[in-house]
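The block underneath contains the structure these notes are about, expressed in structure tokens.
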There are 2 protein chains.
Amino acid sequence: MKAEQKRRQELIAATIREIGAEGTLNVTVSQIAKRAGVSPGLAFHYFGDKEQLFLATMRSILRTYGVLIRANLVGKTEPVERLTAILETNFSPSQFEDGAVAAWLNFYVLAQTSPEAQRLLALYHRRFHSNLVYSLRPLAGDAAHGIAERLGGLVDGLYLRFALNRSHVDPGPAVAQVLKALEVELSALDG
Amino acid sequence: MKAEQKRRQELIAATIREIGAEGTLNVTVSQIAKRAGVSPGLAFHYFGDKEQLFLATMRSILRTYGVLIRANLVGKTEPVERLTAILETNFSPSQFEDGAVAAWLNFYVLAQTSPEAQRLLALYHRRFHSNLVYSLRPLAGDAAHGIAERLGGLVDGLYLRFALNRSHVDPGPAVAQVLKALEVELSALDG
DNA sequence: TGATTAATTGACTCGTCAGTCAATGGATTG
DNA sequence: CAATCCATTGACTGACGAGTCAATTAATCA
């Protein structure tokens, strides 16, 4: 039904905000429900239990990311242009908004023990990787795979460091480092 | 006193094991105490509260890492040799033992809200960075700083990806990628 | 309208857990 | 030996939270 979808969305949004506010998955379903302006029982009605709510939230975040990256690639055909767009998307404002950072960190933790979270994360990694490889291949041939692994790792690592350093506000330097790495990798090909 | 230090050590070791077993900081002080073979009250006696116990555990892990890296650098004077040792240390078996992975992930989460955890993490980052810069400077001059940032980020990112992918057992490929990145960075200097 | 179905509530249960504390036991010391 | 101090226990409390459920309200529809 329409109402059901709307409620789910609202509860997921509230979950992200609440996780963001607390920094942890140690948030109560009551807090989330309160933030969404509904009774606690409703969250259980729609999601069954807390973990399902978290997983639905993770799926939502990954979906949003997927939509964003596709949007940013529209009309871009040059490999370098596409690579730049992909790498920049990971540091776009939406990735730092509200509780996105907290959600990501906690989902990493969750992925250790929840097979479903693990699956979602692996899916995200695979997509990211093949996105990169697709545009790297024409530039780097067989080296594309290795370069993509390094760029992917670098993005995760710099995102992590950036997100945890509260003195940083503007992710510009992090993006610059990633793009520099791309440049370095490409220039090393002709060595 | 002697007994006090011993108990603290035992409780910290038990904390790492317990976090490793659960994957989360959602472990009870009672579980930890039980694993250490003492009564729950004793943990509070020595650490005051749960967060202090976690912070002490984090300090212990960072100290162990520091000792390890210093040991691995002994006798190495060539810059590339030192860089290799530093990078490899981050993927040495001890970094994957027991609950080390879980501890790291959860301390990232904790760092969002605990100023002390934040401080410890920043300290670790600074030390790691200056270790790298020290050996990169003779090879790369002013580029040393940028290269160190990228290598540092890459290490964190690949560690994360490796640690979360249960199908991986041997961290060899991750190390190889990091060393390859170093090679690429150095070769790009003469371009 | 009246009847059927879906949405929503919030009080309640049952378990759990952080942290306290009074009591016990064991050393150490004078 | 007596007195003092430290280590240690584990029962206890007070609070809180996940999940249930019977009851209420709103929407749908024939």
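Bear in mind the structure is a predicted one, so any value in this text is a computation, not a measurement. First the proteins, then the strands, lettered A, B, ... as listed; each starts at 1.
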B/I19 versus B/T24: any side-chain heavy-atom pair under 4.5 Å?
-> no

Summarise how protein sits on nucleotides 17-27 of chain D as a single string, 5' to 3': B when a protein heavy atom is under 4.0 Å from the base, S for sugar-phosphate-only contact, - for no contact.
-> SSBB-------

From C/dA7, D/dA7, C/dG10, pick the nucleotide closest to the side chain of A/Y46?
-> C/dA7

May I have the distance from B/L42 (atom CG) to C/dG19 (atom C1'), rounded to whole angstrom?
-> 14 Å

Ring pair (Phe, Tyr, Trp, His ring centres under 6.0 Å): pairs with one or both residues in residues 68-94 of chain B, sequence neighbours excluded | none

Using whole Å, report how far NE2 of B/H45 lies from P of C/dA22.
-> 16 Å

More than 12 heavy atoms from other groups under 6.0 Å of CZ on A/R137 | no

Heavy atoms from other residues, nucleotides or ligands near OH of B/Y134 exceed 12 (cutoff 6.0 Å) = no

Interatomic distance, B/L53 CG vs C/dG19 C1' [rounded to whole Å] = 13 Å

For atom CZ of B/R7 and atom P of C/dA27, their distance in whole Å | 12 Å

What is the distance from atom NE2 of A/H145 to atom NE2 of A/H129, rounded to the nearest 0.5 Å?
-> 4.5 Å

A/K34 NZ to C/dA11 P, in whole Å, measures 13 Å

Ring-ring centroid check A/Y124 A/F107, cutoff 6.0 Å = no

Please give, in whole Å, the distance from D/dC16 P to B/N26 CG?
-> 17 Å

Length of the line joining B/L11:CG and D/dA7:P, which is rounded to integer Å = 13 Å

Protein-nucleotide distance (B/Q5, atom CD; D/dC6, atom P), rounded to Å = 15 Å

